[in-house]
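Excluded from the calculations below are hydrogen atoms, water molecules and symmetry mates; all remaining heavy atoms, backbone and side chain alike, are included.
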Amino acid sequence: MINSPETQKRTALLPMIICCALFFIFGFVTWANGTLIPFLKLALNLKTDLQAFFVTFASYIAYFFLALPSSWILKKLGFKNGLVLGMVILGLGSLVFIPAADNRSFGLFLAGIFIQGSAMALLQTAVNPYLSIIGPIDSAAARISIAGLCNKGAGVMVPIIFGLLFLDNAKEVTAKLDATADPVVKNAILDELLHRVHTPYIVLAVVFVLFAVLIKFVHLPEVNAEDDEAVVEKDDLARQTTAKNSIFQYPHLFLGALAIFCCVAVEVMAGDIINTYGRELNIDANILRFSTSFTLICMLVGYVLGIATIPRFISQQMALRICALSGVLLTVVSAFTAGYVSYYSVALLGLANSLMWPAIFPLGIKGLGKFTKTGSAIMIMGIAGGAIWPLVYGFLKDKMHIDFQHAFLLAMIPAYLYIIYFAIKGHQVGMKK
């Protein structure tokens, strides 16, 4: 158990390295969605963007259903065994992609993505509070930003790697499909396209299982969240927690979970939907396949700024306000301009979104004491925003026939406005001064 500052200094480095490696894996799996959306739409001949957006729905909705059970699993198995189980499940989810490709089954692809999302719900429920707790809570945003560099670094890499593997010659493939009416020829083209899935996902499954073995044999200190001293600051706030006997006595936690919902919603809209958005703007296809990477490079810049400035120059709350306000401004620019200006305004939302999760998560679980693991699970449930918001955008665009830029504006602005509220007022609700 990590208790004293001295113990933290001795034990924080190895857990930090493991956490960063896990965040790299989270980023690689999560941001693969940005490539899978256009790839599966092409390879499975999906008719609308709304259908393709179920890729993100399957991934992120798992967090809503699995976060609280994950908290229970972690209490039973412990932190390290929970990580091992999560990595094995992640590997199994990756293997489901093989029969999905062989059978050309969108349902099986979604099942594999959901299994991966379930594994990451368990892993994230374990890692995020652990990362917040292994040092002072006021600098948690800086630690999460360091891990975020690994997460978004993987996110930059995966669209480039998967874009080259899955979407190479996508324009030519589309032209061939459009040029032939022979179902046998079409099926042969699509089978060849889907066969590209095999090797990458087999390799990923092997890597995930090997990392599970590594975690099993590496010493990681357990954090006993049932003990208040392990998880709260030694101040008046800590003494307040001893008098509370219900998670529902912490309204700032539930407001924080909604802020996470909005945060992930705008992250996914900027990172995964940018390819679809750019296609509507007639951006060159060779540029589009790296769209998610552009957004995540901007997020990396934001994380570096966060590491350098929080809490030395600005507080977590102030960083959150600046980011959310920037998000509003860039969204407005993207909605009322055209071409590359509009496209790169969406990519720059990565910079605006970068410090929101690192600031929201520690503010949401601050002062929970023995309820930290349960509170973390509730916060993780908010990741479901990434499942819902692309469908909202797709519904506005495809079903309501609202112009794609105006639909983007209508989807994004309410989320950013709520995050501004949480940064100014919401994180203090129910917290005695």
- Stepwise, does the side chain to side chain contact (heavy atoms under 4.5 Å, CB included) test hold for Met269 with Met412? CA-CA 8 Å; Met269 288 291 291; Met412 298 289 274; 3.5 Å; yes
- Applying side chain to side chain contact (heavy atoms under 4.5 Å, CB included), run through Gln405 and Glu280 and close with a yes or a no. CA-CA 9 Å; Gln405 289 178 287; Glu280 297 277 5; over 6 Å; no
- List the steps, then state whether side chain to side chain contact (heavy atoms under 4.5 Å, CB included) holds for Met87 with Leu123. CA-CA 8 Å; Met87 291 305 303; Leu123 294 166; 3.8 Å; yes
- Task: Check the pair Phe106, Phe54 against ring-ring contact (aromatic ring centres under 6.0 Å, His included), reporting the backbone distance first and the verdict last.
- Result: CA-CA 10 Å; Phe106 191 42; Phe54 275 93; 7.6 Å; no
- Item | Step-by-step side chain to side chain contact (heavy atoms under 4.5 Å, CB included) determination, Thr48 to Lys41 | CA-CA 8 Å; Thr48 66; Lys41 185 180 180 186; 5.9 Å; no
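In this structure, the separation between CZ on Phe371 and CD on Gln249 is 7.0 Å, given to the nearest 0.5 Å. From Trp357, atom CH2 reaches atom CD1 of Ile260 across 4.5 Å, with rounding to the nearest 0.5 Å. One finds the CG atom of Leu281 at 9.0 Å from the OG atom of Ser334 (value rounded to the nearest 0.5 Å). To the nearest 0.5 angstrom, Ile307 atom CD1 is 4.5 Å from Ile146 atom CD1. In this structure, CG on Leu42 lies 14.0 Å from CD1 on Ile37, to the nearest 0.5 angstrom. For the atom pair His401 NE2 and Phe395 CZ, the distance stands at 9.5 Å (nearest 0.5 Å).
Using a distance-only test at 3.5 Å, with no hydrogens or angles considered, a donor-acceptor pair links the side chain of Asp284 to the main chain of Asn286. With hydrogens and angles ignored, the 3.5 Å screen pairs no side-chain donor or acceptor of Asn151 with any backbone N or O of Phe24. For the pair Arg312 (side chain) and Ala308 (backbone), a donor-acceptor distance under 3.5 Å is present. Side-chain atoms of Ser342 never come within 3.5 Å of backbone atoms of Gly339 as a donor-acceptor pair (strictly under, hydrogens ignored). Formation of a donor-acceptor pair under 3.5 Å by the Thr292 side chain with backbone atoms of Gly271 is found in this model. For the pair Trp389 (side chain) and Ala411 (backbone), a donor-acceptor distance under 3.5 Å is present. No side-chain donor-acceptor contact under 3.5 Å links Asn353 to the backbone of Gly350. Side chain of Asn275 to backbone of Leu288: a donor-acceptor contact under 3.5 angstrom is found. Side-chain N or O atoms of His427 include one that pairs as donor or acceptor with a backbone N or O of Phe422 at under 3.5 Å. Looking only at distances, no side-chain donor or acceptor of Gln124 sits under 3.5 Å from a matching main-chain atom of Met120.
In this structure, Leu253 and Ile247 have side chains that are in contact, with non-hydrogen atoms separated by less than 4.5 Å. For the pair Val127 and Leu83, the minimum side-chain heavy-atom distance is below 4.5 Å. For the pair Ile378 and Leu68, the minimum side-chain heavy-atom distance is below 4.5 Å. With a 4.5 Å cut-off on side-chain heavy atoms, Ile25 and Leu90 count as touching. Residues Phe208 and Phe211 are not in side-chain contact: their nearest non-hydrogen atoms beyond the backbone lie 4.5 Å or more apart. Side-chain contact between Phe57 and Leu110 is absent, with no heavy atoms from C-beta onward closer than 4.5 Å. Using a 4.5 Å cut-off on side-chain heavy atoms (C-beta onward), Phe26 and Cys150 make no contact. Within the 4.5 Å cutoff, the side chain of Leu44 has heavy atoms near those of the Leu194 side chain.
When every heavy atom of Pro390 is checked against every heavy atom of Ile273, the shortest pair comes out as CB-CD1, 3.9 Å. Of all non-hydrogen atoms in Ile419 and Ala259, the two that sit nearest each other are CG1-O, 4.1 Å. In plain terms, the two heavy atoms of Ala67 and Ala377 that are nearest each other are CB-O, 3.1 Å. Contact between Ala270 and Leu349 at its shortest, heavy atoms only, is CB-CB, 3.8 Å. Nearest approach of Ser70 to Ala121, heavy atoms of both residues: OG-C, 3.8 Å. Across all non-hydrogen atoms, the minimal contact from Gly327 to Thr331 is O-OG1, 2.7 Å.
The pair Arg279-Asp49 counts as a salt bridge, with a side-chain nitrogen and a carboxylate oxygen less than 4.0 angstrom apart.
Between Phe97 and Phe109, the ring planes are perpendicular. Angles over 60° get that label, and only those under 30° would be called parallel. Using cut-offs of 30° and 60° for the angle between ring planes, the Phe162 and Phe28 rings count as perpendicular. Using cut-offs of 30° and 60° for the angle between ring planes, the Phe294 and Tyr343 rings count as perpendicular.
Side-chain N/O atoms of Ser94 and Gln116 include a donor and acceptor closer than 3.5 Å. Side chain to side chain, His198 and Asp102 meet the donor-acceptor criterion of an N or O pair below 3.5 Å.
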